[in-house]
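Right, one structure below, let's go through it.
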Amino acid sequence: MLKITPQDYDAIRRHGEETYPYECCGVLLGAMDGEVRIVTSTVRCGNTRTDSAHDRYHIDPKELVRVQREGRERGEDIVGFYHSHPDHPAQWSQEDLDQAHWFSCSYVITSVAQGTAEATNSFELTGSDENDKKFANEPVAVE
Ligand SMILES: [Zn+2]
């Protein structure tokens, strides 16, 4: 289960509307509380994919290291990632699974239809290595 405040939830959905018709991407920072991932802040990242930014995304590894370091200084860990699917459902793609490497993190996808954010779904990357990894549907609590 992913727990996120209405402010952060709106922020990631708005980000997808702003970058439409391209994908947005960013990081979810927070902490684990038992089985619940609690988001305490979100960080926008630049989408480094310029060849096909409407259906794939990539966060610059250097940017990710910086986000992780700044988060730790505030006592926050990376608990997930988010991106948008312009004019596509809020369902993960094979490409999303191939590019997901953070086990036990949430991957949040927002569909943006004609510039307006619609569904937002979360998937937890489960498994233990690249061969058995899977996305599992994860409930999102906005509160
Ligand atoms: Zn995707």
Side-chain angles (χ1 to χ4, degrees), residues 1-33 35-72 74 76-143:
M1 144 108 70
L2 183 72
K3 212 165 166 181
I4 186 167
T5 65
Q7 290 79 12
D8 283 323
Y9 186 73
D10 287 346
I12 65 178
R13 289 165 57 80
R14 219 165 37 237
H15 191 193
E17 294 180 342
E18 287 173 20
T19 60
Y20 181 88
Y22 301 106
E23 285 199 5
C24 70
C25 55
V27 180
L28 307 174
L29 292 169
M32 292 299 296
D33 180 13
E35 294 290 293
V36 182
R37 261 176 295 283
I38 300 175
V39 177
T40 51
S41 66
T42 63
V43 182
R44 292 181 173 206
C45 293
N47 188 349
T48 63
R49 290 297 289 252
T50 52
D51 52 339
S52 179
H54 61 280
D55 62 359
R56 50 196 63 179
Y57 71 103
H58 183 253
I59 297 172
D60 181 348
K62 282 197 224 107
E63 189 172 14
L64 193 53
V65 167
R66 181 178 55 76
V67 167
Q68 187 172 35
R69 193 183 54 233
E70 290 176 0
R72 281 194 177 144
R74 295 188 302 265
E76 297 176 301
D77 286 317
I78 292 177
V79 295
F81 301 89
Y82 71 88
H83 70 285
S84 61
H85 279 179
D87 297 321
H88 280 282
Q91 284 297 323
W92 57 271
S93 64
Q94 186 60 46
E95 171 95 11
D96 289 336
L97 182 60
D98 291 346
Q99 292 191 4
H101 307 293
W102 290 62
F103 292 99
S104 300
C105 271
S106 297
Y107 286 78
V108 174
I109 301 173
T110 297
S111 65
V112 181
Q114 303 298 318
T116 302
E118 296 194 328
T120 295
N121 292 324
S122 185
F123 307 93
E124 179 187 351
L125 186 66
T126 63
S128 54
D129 63 34
E130 292 296 312
N131 298 315
D132 72 351
K133 68 181 182 181
K134 275 198 212 84
F135 275 134
N137 293 344
E138 176 179 52
V140 180
V142 182
E143 55 190 59

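Numbering of ligands and ligand atoms starts at 1, following listing order.
Its N, O or S atom nearest to the Zn ion (ligand 1) is what matters here, and for H85 that atom is NE2.
For A11, the side-chain contact (heavy atoms from CB on, under 4.5 Å) partners at least two apart in sequence or on another chain are R14, T42.
Outside the 6.0 Å centre-distance limit, the rings of W92 and Y107 are not counted as a close aromatic pair.
Not a single N/O/S atom of H88, whether from backbone or side chain, sits less than 2.8 Å from the Zn ion (ligand 1). The Zn ion (ligand 1) has an N, O or S atom of D96 closer than 2.8 Å.
In plain terms, the two heavy atoms of T110 and A117 that are nearest each other are CG2-CB, 3.9 Å.
Ionic pairing of E70 and R66 is present here: one or more N-O contacts between side-chain nitrogen and carboxylate oxygen are shorter than 4.0 angstrom.
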